[in-house]
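Because the structure is predicted, anything quoted here is derived from the model rather than measured. To find a chain, count down the sequence lines: A is the first, B the second, and so on, and within it residues start at 1.
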There are 2 protein chains.
Amino acid sequence: MVVNNKVDSLSYDVEAPPPQGASAGSAAAAAPPPAPAHHHAHAPAAPVMREGAAVMELHKVSLPERRSTAKALRQRLAEVLFPDDPLHQFKNQSSARRLVLALQYFFPIFQWGSAYSPRLLRSDLIAGLTIASLAIPQGISYAKLANLPPIIGLYSSFVPPLIYSLLGSSRDLAVGPVSIASLVMGSMLREAVSPDDQPILYLQLAFTATFFAGVFQASLGFLRLGFIVDFLSKATLTGFMGGAAIIVSLQQLKGLLGIVHFTSHMGFIDVMRSVFKRHDEWEWQTIVMGTAFLAILLLTRQISARNPKLFWISAGAPLASVIISTILSFIWKSHSISVIGILPRGVNPPSANMLTFNGSYVALTIKTGIMTGILSLTEGIAVGRTFASINNYQVDGNKEMMAIGIMNMAGSCASCYVTTGSFSRSAVNYSAGCKTAVSNIVMAAAVLVTLLFLMPLFHYTPNVILSAIIITAVVGLIDVRGAAKLWKVDKLDFLACMAAFLGVLLVSVQMGLAIAVGISLFKILLQVTRPNMVVKGLVPGTQTYRSVVQYREAVRVPAFLVVGVESAIYFTNSMYLVERVMRYLRDEEEMALKSNQSSIRCVVLDMSAVAAIDTSGLDALSELKKILDKRNIELVLANPVGSVAERMFNSAVGETFGSDRLFFSVAEAVAAGACKAQP
Amino acid sequence: MVVNNKVDSLSYDVEAPPPQGASAGSAAAAAPPPAPAHHHAHAPAAPVMREGAAVMELHKVSLPERRSTAKALRQRLAEVLFPDDPLHQFKNQSSARRLVLALQYFFPIFQWGSAYSPRLLRSDLIAGLTIASLAIPQGISYAKLANLPPIIGLYSSFVPPLIYSLLGSSRDLAVGPVSIASLVMGSMLREAVSPDDQPILYLQLAFTATFFAGVFQASLGFLRLGFIVDFLSKATLTGFMGGAAIIVSLQQLKGLLGIVHFTSHMGFIDVMRSVFKRHDEWEWQTIVMGTAFLAILLLTRQISARNPKLFWISAGAPLASVIISTILSFIWKSHSISVIGILPRGVNPPSANMLTFNGSYVALTIKTGIMTGILSLTEGIAVGRTFASINNYQVDGNKEMMAIGIMNMAGSCASCYVTTGSFSRSAVNYSAGCKTAVSNIVMAAAVLVTLLFLMPLFHYTPNVILSAIIITAVVGLIDVRGAAKLWKVDKLDFLACMAAFLGVLLVSVQMGLAIAVGISLFKILLQVTRPNMVVKGLVPGTQTYRSVVQYREAVRVPAFLVVGVESAIYFTNSMYLVERVMRYLRDEEEMALKSNQSSIRCVVLDMSAVAAIDTSGLDALSELKKILDKRNIELVLANPVGSVAERMFNSAVGETFGSDRLFFSVAEAVAAGACKAQP
């Protein structure tokens with residue numbers, strides 16, 4: 001269908017704004033002499049002359065090429081699911097080449113592996129050993145955060161990094177257990193099963209939840225639904241991470257103070273009550289040791305933050321603290337300082353037989369899997385993207401999700417719990433100069449050596465040191481400056497952030513997250529429900545109409561009301577649109593009455609910013625037209641975008657606005673409308 | 001803060017498009033001779049001359065006036081909650097006048113009551129009696145749909161219309177029980193309590209649910225949250241109503257076939273199974289009578305639909321059918337045709353004592369109240385708006401909600417169940433020439449007479465006739481043409497419609513509604529997650545850049561990539577934005593390489609259609625800038641709207657783009673960018 005809606009007569013030169021205060025009746029007369037039509041050569045629309053009036057060319061509103069329903073649907077789906085066009089590189093290649101490319105696509109190691117050199121290995125070796133020194137104490141600590149035996153944390157630092165190095169496309173990601181996912185898994189599973197009373201069942205649930213997390217992550221990637229992680233906004237995450245960090249730190253008061261009987265709840269109030277109720281259990285030796293090491297660790301963190309070249313100070317401090325504190329504890333042999341105890345030696349035992357898919361806990365493990373899955377995915381993807389952007393390469397979000405998902409599925413069969421790319425360790429990895437995923441292999445090798453030979457050394461490691469390591473790690477998640485920036489820039493984002501923060505702190509981790517996601521989505525819906533609408537005026541010296549609130553020099557054209565709609569028109573805002581235009585009309589007419597100007601005779605809806613319209617929106621336009629017709633006011637539309645124009649012509653609205661009420665731009669609409677208003 | 005970002009030197013006349021195929025290096029040289037600057041008089045920005053180059057004036061991007069946080073919040077809230085500015089009429093009035101206006105505001109009857117005349121009364125009398133003849137049989141029928149005693153339907157047609165006539169602002173609304181809300185209430189309550197085994201409890205729950213529905217409706221109105229009903233899109237409602245109509249009609253097979261033992265489930269499959277399993281209970285007398293009357297009723301409906309002047313035929317047919325069938329049934333005295341039986345005589349007994357707010361059913365009644373409340377509100381508001389638009393007056397949605405809510409709260413204390421404005425009866429009311437809400441009073445009076453004196457006459461009314469009346473009433477809700485239109489215009493709307501339809505039909509009424517609302521909201525989120533982005537080119541003969549897909553004559557400017565973003569930039573799409581721009585860049589560079597043109601040196605983001613931006617969006621812009629900087633490509637922004645510009649300058653992004661990367665329009669951005677690209 002070709003749309004042809006030239007207006008057949010016109011006379012008003014919009015390049016010069018009508019003098020302010022002049023009535024529409026005299027506007028044409030007051031217009032300056034005709035401007036030379038200096039763009040004839042390229043103009044597709046014919047200029048029309050009228051006696052004694054200036055020339056203005058009208059351009060017709062075009063429609064995009066007509067597509068079949070199937071093609072439109074295919075293009076839309078491709079845009080939703082394959083925005084990155086992953087098959088682009090396969091175009092115009094021989095089939096052998098395609099096979100190689102496919103192999104490289106699914107196993108990025110084949111891409112960078114062939115060019116691997118001893119020089120790269122040297123860098124990766126240093127980086128790998130550095131992150132291993134961090135991963136070993138953190139692994140043990142985070143496992144405790146998830147109420148799991150410390151050894152599980154080491155297992156989880158061995159198998160998943162190996163798998164990721166085959167499948168992952170990030171060069172900087174350091175894979176292993178992370179604090180947030182550990183915390184969430186621990187808090188969700190503990191609600192149903194006590195890790196102290198039923199350790200085997202608890203372990204089964206943890207592995208099963210990890211399996212589900214992996215399945216969920218891999219399916220998101222496979223189904224190209226990766227954009228779902230984008231629904232966790234940065235504001236939400238800032239609040240959530242801050243709240244979780246405080247919860248985690250408070251939990252560590254158990255270890256830091258040496259309290260034996262501690263609440264199993266997560267809430268701020270429960271924990272504080274537990275801390276002060278049990279002050280008889282406070283252990284001065286533990287407190288002294290914990291505080292001292294915590295101070296040292298925080299200090300090294302500060303030093304590294306001030307001078308990024310000294311990253312190795314904070315990277316090495318946890319392992320150093322573990323070694324020193326273990327020696328101290330071994331020398332003292334004080335019974336009042338609780339220690340890790342005996343850890344089994346050897347590599348990961350298989351755990352596929354521990355996955356339980358029937359029974360009453362399936363719903364719980366699926367829920368836990370999805371929650372920890374999405375949280376660890378968010379962290380992993382964000383970390384991957386951050387360092388990819390620093391080092392100027394691309395990571396494919398959906399492929400990363402598959403990699404992380406497969407890694408967790410495999411991990412759940414090898415005594416690992418949920419893992420992902422850790423922000424803190426990846427930063428150290430990057431600072432230590434890692435070049436490829438080989439640094440993960442080096443780290444895994446170091447963990448393997450630890451598992452095989454060094455486990456007995458951890459016997460006397462005090463638990464208090466693990467608490468200090470956890471606090472040091474999570475303190476970086478509290479982003480006060482980020483929250484302040486949110487307040488400054490966007491109050492509603494700040495509200496979402498605070499809701500997540502307080503929800504996590506006072507209610508529960510899941511509730512905090514749910515509230516925050518709810519607020520984030522509500523914010524979007526609110527924007528679509530009450531879109532910005534602005535009255536536009538002509539900016540002097542241009543043909544351009546802009547908001548009179550933003551551009552105070554913009555001049556309203558007498559007898560015209562130009563309204564810009566800055567949102568898609570949907571069922572959520574179609575009624576509002578009509579009401580709002582009517583209110584603008586009332587206000588403008590009152591103003592016109594006061595200043596003795598002519599009343600509004602034409603409403604121009606600037607559709608430039610209307611990205612989409614649905615059936616309710618189309619009906620609302622017809623409705624508005626009907627209402628304005630009754631008051632003898634013209635309604636015309638300016639510059640509908642392709643999809644909107646297409647949709648209008650597919651519906652009855654196209655007939656209403658089709659022939660001479662649809663304009664290329666506001667300027668042309670005003671020009672044509674002005675000429676009509678004058679007989 | 002005043003933003004001043006004039007570009008200090010420029011040389012490129014964008015009024016004439018560069019010749020296609022020319023490289024950026026030669027673009028300025030190939031430009032036509034300088035156009036006369038014929039808008040000097042009004043120009044606020046100073047034109048800058050460069051040797052041998054044309055003149056172009058640059059306009060600075062303005063910010064809206066600076067507001068305090070509190071003021072901004074207040075204005076935003078006012079826009080969300082008071083889009084219709086209800087206090088406008090109170091401005092500049094004396095306090096006595098204000099009191100009168102307030103009284104008229106809360107009781108519209110004082111507004112139209114003073115001008116009421118015998119001529120109006122005559123019209124209202126005719127209309128009122130006409131709708132009464134429809135309301136009485138429908139009231140009885142709909143009560144059965146909600147599993148309530150028929151008399152409750154009559155009670156509900158007496159008190160609520162009286163209250164509405166005081167508070168309501170619609171002149172055409174005919175108030176009483178409606179089919180959808182009756183169906184939903186019946187199906188939700190029956191899940192918990194059997195109306196046959198525990199009739200008193202069931203009645204209590206129905207009244208309590210009605211009370212909650214009223215509270216919910218009135219609070220929505222009072223809190224000005226009326227826009228929540230807009231979240232039920234037309235597409236959703238089309239599918240939902242169609243499905244509900246079929247469910248209701250199928251349920252009537254019980255009455256039409258004379259089956260005694262019938263399923264209490266609502267699903268299509270259960271009902272059909274019940275119908276054929278119980279074929280031994282089919283009653284030929286009932287079937288003959290039911291089919292005959294159903295045929296007559298549908299025929300009268302057709303006649304009225306063809307010729308709207310004959311509206312009284314379909315309006316009077318139900319009452320006529322009731323009378324004739326009652327006489328027939330009285331004469332035959334056949335035991336095989338089930339009849340209504342004895343109905344109590346007298347006006348509504350008080351039922352405030354039957355409201356139960358404690359016990360195990362509170363959650364159920366609240367849920368039922370909210371569901372029926374929102375559905376009846378949607379119908380009532382839609383009907384009110386439709387006829388207000390036909391008769392060219394305004395109804396205030398929030399005030400209507402309060403009126404309907406108070407009416408239901410009061411109704412629940414006077415043995416009424418949930419009521420609202422009925423579409424079918426309002427249409428008859430309008431056709432019969434009603435002028436004011438007095439027609440509701442007339443109808444209530446007619447119902448009162450019925451309640452006081454005519455109840456014994458209904459003793460022999462066959463139940464089958466009520467089934468025929470219900471089917472005739474709901475058949476109009478099946479809008480096949482509307483669904484076909486949805487398919488034609490918007491496939492996703494059609495999907496939401498079909499999901500609601502099938503959900504209601506195959507799963508349950510609530511589930512169908514939930515699915516449909518979910519799809520509708522998901523559609524909005526999808527639009528925000530994968531916004532339209534278009535490559536723009538210069539439309540020959542203008543200074544305007546438009547999508548090259550929509551306007552095939554639009555010409556890309558060599559060395560420039562102009563990308564229009566047609567959505568707010570949120571956390572949901574900020575990553576996509578970056579990826580998509582990079583993909584456009586890759587495609588354009590490949591194209592440039594093929595055609596031996598110069599590669600892209602400047603990316604212009606046209607922000608005209610970006611209605612809002614959040615912190616993630618701002619970060620994405622910085623991110624994109626950083627990536628492009630590394631490739632030595634300029635990133636500039638054109639025409640940010642007020643709120644976006646404001647937010648940019650409140651954040652660090654303002655510094656990144658502030659000084660010379662923010663332009664009034666794409667044309668000016670290209671002009672300034674072109675000059676920079678040439679040393």
task = Measure A/T572 against the heavy atoms of chain B and call it side chain, backbone, both or neither at under 4.5 Å.
result = both

request  = Measure B/T529 against the heavy atoms of chain A and call it side chain, backbone, both or neither at under 4.5 Å.
outcome  = side chain

ask   = Measuring from B/R385:CZ to A/M575:CE, what's the distance to the nearest 0.5 Å?
value = 3.5 Å

ask   = Do A/K485 and B/D619 sit within salt-bridge range, that is, some charged N less than 4.0 Å from a carboxylate O?
value = yes

inquiry  = Taking every non-hydrogen pair under 4.5 Å, which of B/V578, B/V641, B/V610 racks up the most with chain A?
reply    = B/V641

inquiry  = Can you tell me how far apart CG (A/N639) and CZ (B/R546) are? Round to the nearest 0.5 Å.
reply    = 3.0 Å

task = Locate the shortest heavy-atom distance separating A/S608 from B/A609; write the atom from each residue and the value.
result = O-CB, 4.0 Å

request  = Please round to the nearest 0.5 Å and tell me the distance separating atom CG of A/L237 and atom CZ of B/F571.
outcome  = 10.0 Å

key: Top contributor to chain A contacts, counting heavy-atom pairs under 4.5 Å, from B/L486, B/V534, B/D493   = B/D493

key: Interface moiety of A/N573 toward chain B, non-hydrogen atoms closer than 4.5 Å   = neither

request  = Pick one of side chain, backbone, both or neither for B/I613, based on which atoms fall under 4.5 Å of a heavy atom in chain A.
outcome  = backbone

request  = Can you tell which part of A/K630 gets under 4.5 Å to a heavy atom of chain B, answering side chain, backbone, both or neither?
outcome  = side chain

message = Taking side chain as everything from C-beta outward and backbone as N, CA, C, O, which of these in A/R631 sits under 4.5 Å from a heavy atom of chain B? Side chain, backbone, both or neither.
response = neither

task = Could you look at A/Y570 and say if it's the side chain, the backbone, both or neither that has a heavy atom under 4.5 Å from chain B?
result = side chain

query = Where the side chain of A/Q550 meets the backbone of B/P640, is there a donor-acceptor pair that is under 3.5 Å apart?
reply = yes

note = Bottom line for B/T236: the part with an atom under 4.5 Å from chain A's heavy atoms is neither

ask   = At their closest point, which heavy atom of B/N532 faces which heavy atom of A/S643, and how far apart are they?
value = ND2-OG, 3.6 Å

request  = Report yes if the side chains of A/F664 and B/V539 come closer than 4.5 Å at any heavy-atom pair, otherwise no.
outcome  = yes

inquiry  = Need one label for A/S547: side chain, backbone, both or neither, based on atoms under 4.5 Å from any heavy atom in chain B.
reply    = neither

message = Heavy-atom cut-off 4.5 Å, strictly under: side chain, backbone, both or neither for A/D614 against chain B?
response = both

